[in-house]
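Worth saying up front: this structure is predicted, and the values here are computed from it rather than measured.
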Amino acid sequence: MSNKFRPLTSVLIKPTGPDCNLNCTYCFYLRKSELFSEMPVHRMSGEVQEEIIRQVMQQGAASVSFAWQGGEPTLMGLEFYERAIELVKKFGRNQTVGNGLQTNGLLLNIRWAQFLRKYDWLVGLSLDGPGFIHDRYRLDKGMHPTHRKVEDVAKMLLDNHVAVNALACLTDYSVRYPDETYQYFKELGLTWMQFIPVVETDPHDPARAAPFSVSAEDYGHFLCRTFDLWLADFKDGRPTTSIRQFESVFHSYVGMPAPECTLMKECGPYVVVEHNGNVYSCDFFVEPKWKLGNVMTGRLVQMLNSKQQDLFAGAKAVLPPECRRCQWLTKCYGGCTKDRIKDPADRRKPRYCLSYKMFFAHADSALRQIALQWKQEQKDIKEFQNTGGTYNAFRDFL
């Protein structure tokens, strides 16, 4: 368990709670409405919004970020986010501020795109791949397919120069199609990609994972094949597409901590604020056990550094002996804690242990070579600057 101070650098906000205009088969957050059953519709008040932003700007570090998620956060309407910009200006202390919006995209239009572009927001667009993949599980409330609408929104955002990442959930079905998925995103122009393996407990049989969950072996094959596709698209020794998993793990090859929490030694570097101001340890653990308090009655920075958050963060490091002896431990640290919890077959062993072993055995040599090249470039940059040169001939590798 860490006693190290956690600076308030990031907060994940769910202004519409679990409310969504889709009914995705694999969504775990729709069921969170049971926690807030006193109201049929969940929307964040202006008072809660202002208090969150005030605290982050006044208690936060020199660089802070807001991640707006759901449910579906665009149900709040654009005016809510325009007000967020004004509140950041009101309470800011000359910090660097980043904003990210994770959305299914169905409510976005040109006016939204202009706003997102003007204030340089990063959009994580939930799009699982081409139509036959996306429409397998991502249906609307009337059980209609949504792919065509989301694809049109992706094109509209790209045409308006909005920064967009593809957020693709990997299911038992989509994991079979790494080539089709990768090529689809690349041809669409979504060259920044994140693949999220889905694992949930089967609501009909709590003793096993839900049938749409990704198996360890299938996820391992997907990672290996996608890595090869990513590597094949390098130009002049540099990547032309961005895949978050590979870039995050790359940090460990050059002696830096991974930015993705699933690959950290401990988790808990951020907190989640629900629509009513309740604060939780993680968006995968919005449940009474991991409620840290409420933003209207407590300080975010204190909740982030509470004993309860220490317990949550330390749980990630409780691994079986097999993991502690593994040669890849410092590369994955067991992955995401929720993957163990959601798979009742073995709550101690990381569900995707085999996946990571397959991936690192496959990619280690190439990642080491890329790291050597990166380190040499950093050395050349430093030497160039030490001779009085201006940094204009080099750029970061990733």
**Student:** Can you list the steps and then say if Val56 with Val97 is a side chain to side chain contact (heavy atoms under 4.5 Å, CB included)?
**Tutor:** CA-CA 10 Å; Val56 171; Val97 181; over 6 Å; no

**Student:** Assess whether a salt bridge exists between Glu50 and Lys90, defined as any Lys/Arg side-chain N lying under 4.0 Å from an Asp/Glu carboxylate O.
**Tutor:** yes

**Student:** Show the numbers, then the answer: is there a side chain to side chain contact (heavy atoms under 4.5 Å, CB included) between Leu139 and His144?
**Tutor:** CA-CA 5 Å; Leu139 306 174; His144 303 119; over 6 Å; no

**Student:** In sequence, state the C-alpha distance, the side-chain angles, and the governing distance for Lys155 and Glu151, and then conclude on salt bridge (Lys or Arg N to Asp or Glu O under 4.0 Å).
**Tutor:** CA-CA 6 Å; Lys155 293 175 181 177; Glu151 183 181 83; 3.7 Å; yes

**Student:** If Ile, Leu, Val, Met, Phe, Trp and Tyr residues are connected whenever their side-chain heavy atoms lie under 4.5 Å apart, and connections chain through other members, are Phe36 and Leu30 in the same group?
**Tutor:** no

**Student:** Other residues, nucleotides and ligands only: do more than 12 of their heavy atoms fall within 6.0 Å of CE on Met39?
**Tutor:** no

**Student:** Using the rule side-chain contact (heavy atoms from CB on, under 4.5 Å), only one of Glu82, Arg83, Lys89 pairs with Ile85; which is it?
**Tutor:** Lys89

**Student:** Looking only at non-hydrogen atoms, find the nearest pair between Cys261 and Lys316 and report the distance.
**Tutor:** O-CE, 3.5 Å

**Student:** Please report the interatomic distance SG(Cys332) to CD(Gln245), rounded to the nearest 0.5 Å.
**Tutor:** 13.5 Å

**Student:** Would you say CZ of Arg176 has more than 12 non-hydrogen atoms from neighbouring residues, nucleotides or ligands within 6.0 angstrom?
**Tutor:** yes

**Student:** Yes or no on side chain to side chain contact (heavy atoms under 4.5 Å, CB included) for Ile13 and His275, after CA distance, side-chain angles and deciding distance?
**Tutor:** CA-CA 8 Å; Ile13 306 170; His275 71 286; over 6 Å; no

**Student:** Does the side chain of Ser242 reach to within under 4.5 Å of the side chain of Met193, using non-hydrogen atoms?
**Tutor:** no

**Student:** When you look at CZ of Arg117, are more than 12 heavy atoms from neighbouring residues, nucleotides or ligands closer to it than 6.0 Å?
**Tutor:** no

**Student:** Roughly how far, to the nearest 0.5 Å, is CZ of Arg225 from NE2 of His362?
**Tutor:** 8.5 Å

**Student:** Of the options Asp233, Thr181, Thr241, which is the one that meets Lys186 in a side-chain hydrogen bond (donor to acceptor under 3.5 Å, both in side chains)?
**Tutor:** Asp233

**Student:** As a quick check of understanding, evaluate ring pair (Phe, Tyr, Trp, His ring centres under 6.0 Å) for Phe284 and Phe28, giving each step before the final call.
**Tutor:** CA-CA 8 Å; Phe284 289 113; Phe28 74 97; 5.1 Å; yes

**Student:** Out of curiosity, Trp68 CH2 to Gln102 CD, how far, rounded to the nearest 0.5 Å?
**Tutor:** 14.0 Å

**Student:** Might you work through the side chain to side chain donor-acceptor pair (under 3.5 Å) test for Gln308 and Ser306, ending with a clear yes or no?
**Tutor:** CA-CA 5 Å; Gln308 192 172 3; Ser306 64; 5.3 Å; no

**Student:** Contact between Phe222 and Tyr177 at the side-chain level, heavy atoms closer than 4.5 Å - yes or no?
**Tutor:** no

**Student:** Could you check whether Asn99 and Tyr81, counting side-chain N and O atoms only, form a donor-acceptor pair closer than 3.5 Å?
**Tutor:** no

**Student:** Does the pair Val48 and Val295 meet the rule for a side chain to side chain contact (heavy atoms under 4.5 Å, CB included), with working shown?
**Tutor:** CA-CA 7 Å; Val48 172; Val295 72; 4.2 Å; yes

**Student:** Indicate the ring-plane relationship of Trp290 and Phe285, choosing parallel, tilted or perpendicular according to the 30° and 60° boundaries.
**Tutor:** perpendicular

**Student:** Is there a ring pair (Phe, Tyr, Trp, His ring centres under 6.0 Å) between Tyr352 and Tyr356 once you walk through the steps?
**Tutor:** CA-CA 6 Å; Tyr352 295 119; Tyr356 294 132; 7.2 Å; no

**Student:** What class does the angle between the rings of Phe359 and Phe246 fall in, given that below 30° is parallel, 30 to 60° is tilted and above 60° is perpendicular?
**Tutor:** parallel

**Student:** Would you check, one step at a time, whether the test salt bridge (Lys or Arg N to Asp or Glu O under 4.0 Å) holds for Asp152 with Lys149?
**Tutor:** CA-CA 5 Å; Asp152 287 345; Lys149 293 180 181 179; over 6 Å; no

**Student:** Can you tell me how the ring of Phe195 sits relative to the ring of Phe185, calling it parallel under 30°, perpendicular over 60° and tilted otherwise?
**Tutor:** tilted

**Student:** Tell me if the NZ atom of Lys235 is crowded by more than 12 foreign heavy atoms within 6.0 Å.
**Tutor:** no

**Student:** Please check if any side-chain donor atom of Asp128 sits under 3.5 Å from a side-chain acceptor atom of Tyr26, or the reverse.
**Tutor:** yes

**Student:** In sequence, state the C-alpha distance, the side-chain angles, and the governing distance for Asp218 and Ser215, and then conclude on side chain to side chain donor-acceptor pair (under 3.5 Å).
**Tutor:** CA-CA 5 Å; Asp218 285 349; Ser215 73; 3.3 Å; yes

**Student:** Does the cation-pi check pass for Lys14 over Tyr29, that is, NZ or CZ under 6.0 Å from the six-membered ring centre and within 45° of its axis?
**Tutor:** yes

**Student:** In terms of side-chain heavy atoms, does Glu72 have a donor or acceptor partner in Thr16 at a distance below 3.5 Å?
**Tutor:** no

**Student:** For Phe360 and Trp328, take the angle between the two ring planes, folded into 0 to 90°, and tell me which bin it lands in: parallel under 30, tilted 30 to 60, perpendicular over 60.
**Tutor:** parallel

**Student:** Just do the side chain to side chain donor-acceptor pair (under 3.5 Å) check on Asn23 and Asp140 with the steps written out, would you?
**Tutor:** CA-CA 5 Å; Asn23 190 28; Asp140 64 18; over 6 Å; no

**Student:** Apply salt bridge (Lys or Arg N to Asp or Glu O under 4.0 Å) to Lys338 and Glu200, showing your working.
**Tutor:** CA-CA 9 Å; Lys338 66 95 179 170; Glu200 293 294 327; 5.1 Å; no

**Student:** Looking at Arg54 and Glu47, is there a salt bridge between them, counting it only when a charged N and a carboxylate O are closer than 4.0 Å?
**Tutor:** no

**Student:** Go through it in stages, so that I can follow the logic: the residues are Gln369 and Gln373, the test is side chain to side chain donor-acceptor pair (under 3.5 Å), and I'd like the CA-CA distance, side-chain angles, deciding distance and then a yes or no.
**Tutor:** CA-CA 6 Å; Gln369 186 60 42; Gln373 178 185 338; over 6 Å; no

**Student:** Looking at Tyr280, does the NZ or CZ of Lys289 lie under 6.0 angstrom from its six-membered ring centre and within 45 degrees of the ring axis?
**Tutor:** no

**Student:** Report the C-alpha distance between Tyr184 and His147 in whole Å, list the side-chain angles of each, state the deciding distance to 0.1 Å, and finish with yes or no for ring pair (Phe, Tyr, Trp, His ring centres under 6.0 Å).
**Tutor:** CA-CA 13 Å; Tyr184 170 75; His147 176 264; 5.7 Å; yes

**Student:** Measure the CG-CG distance between Leu122 and Leu116 for me, rounded to the nearest 0.5 Å.
**Tutor:** 10.0 Å

**Student:** Leu304, Phe91: one ILVMFWY side-chain cluster at the under-4.5 Å cut-off?
**Tutor:** yes

**Student:** Give the intermediate values and the outcome of salt bridge (Lys or Arg N to Asp or Glu O under 4.0 Å) for residues Arg148 and Asp135.
**Tutor:** CA-CA 9 Å; Arg148 184 180 296 275; Asp135 288 336; over 6 Å; no

**Student:** Which class fits the ring pair Phe234 and Trp230: parallel under 30°, tilted 30 to 60°, perpendicular over 60°?
**Tutor:** perpendicular

**Student:** Would you give the length of the straight line joining atom CZ of Phe66 to atom OG of Ser10, rounded to the nearest 0.5 angstrom?
**Tutor:** 9.5 Å

